[in-house]
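One structure is given below, encoded as structure tokens.
Computed over heavy atoms, backbone and side chain alike; hydrogens, waters and symmetry mates excluded.
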Amino acid sequence: KGMSPDGFSSTVHIYFRTTSELVIDDMVEEICNVLRKGGKKLFCDDGQLWLTLEQPEWYAGPEEDSVKHRIVNVLITDLTL
């Protein structure tokens, strides 16, 4: 309700307590792989939302030494319209 049939863009912020870039990059790639393969449906109240990737898919956000931050760009489409 109120969402465009084309959906809307959103960002997902992922924080991981680690000093390793590899650990969080692997986690983000795992999430992106699911979204690359046709997206992911989320069931909610009276319908479904479909999440797919936007471009750029992801990038690093501001971080501290022990907390890594990644930002994933998604398109959220309401499948119940």
Side-chain angles (χ1 to χ4, degrees):
K1 300 175 176 85
M3 184 185 299
S4 162
D6 298 327
F8 67 92
S9 296
S10 186
T11 54
V12 177
H13 293 262
I14 300 170
Y15 295 89
F16 209 88
R17 188 171 301 279
T18 182
T19 56
S20 170
E21 298 289 333
L22 184 61
V23 172
I24 191 167
D25 289 349
D26 285 348
M27 179 67 66
V28 169
E29 276 302 316
E30 187 176 330
I31 293 167
C32 288
N33 283 337
V34 170
L35 297 179
R36 279 186 205 112
K37 295 176 184 176
K40 184 70 177 171
K41 287 183 186 177
L42 299 178
F43 296 89
C44 57
D45 296 334
D46 295 324
Q48 299 175 30
L49 299 175
W50 180 37
L51 277 62
T52 54
L53 285 172
E54 289 264 272
Q55 296 296 323
E57 292 180 351
W58 67 270
Y59 54 96
E63 348 184 287
E64 298 175 8
D65 290 338
S66 63
V67 178
K68 302 303 177 191
H69 177 202
R70 298 295 180 268
I71 301 166
V72 179
N73 292 312
V74 295
L75 177 67
I76 302 173
T77 305
D78 187 345
L79 297 178
T80 58
L81 290 174

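- The two residues Lys68 and Ile24 come nearest to each other via the heavy atoms O-CD1, 3.4 Å.
- Taken together through direct or relayed side-chain contacts under 4.5 Å among Ile, Leu, Val, Met, Phe, Trp and Tyr, Val28 and Val12 form part of one hydrophobic cluster.
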Where do Arg70 and Glu21 land on the salt bridge (charged side-chain N to carboxylate O under 4.0 Å, His left out) test, with the steps shown first? CA-CA 10 Å; Arg70 298 295 180 268; Glu21 298 289 333; 2.3 Å; yes
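- Of the possible polar contacts, one joining the Glu63 side chain to the His69 backbone as a donor-acceptor pair under 3.5 Å is found.
- Looking at every heavy atom in both residues, Leu35 comes nearest to Lys40 through CD2-CB, 3.8 Å.
- Cys44 and Leu49 make their closest contact through SG-CG, 4.0 Å (heavy atoms, listed as atom of the first residue, atom of the second, distance).
- Among all heavy-atom pairs drawn from Val23 and Phe16, the shortest one is CG1-CE2, 3.2 Å.
- Residues Ile14 and Ile31 have side chains in contact (heavy-atom distance under 4.5 Å, counting atoms from C-beta outward).
- Within the 4.5 Å cutoff, side-chain heavy atoms of Asp25 are placed close to those of Trp58.
- Between the side chain of Trp50 and the backbone N or O of Gly38, at least one donor-acceptor pair lies under 3.5 Å.
- Nearest heavy-atom pair across Leu53 and Cys32 is CD1-O, 3.6 Å.
- Of all heavy-atom pairs between Tyr59 and Asn73, the closest is CE2-ND2, 3.5 Å.
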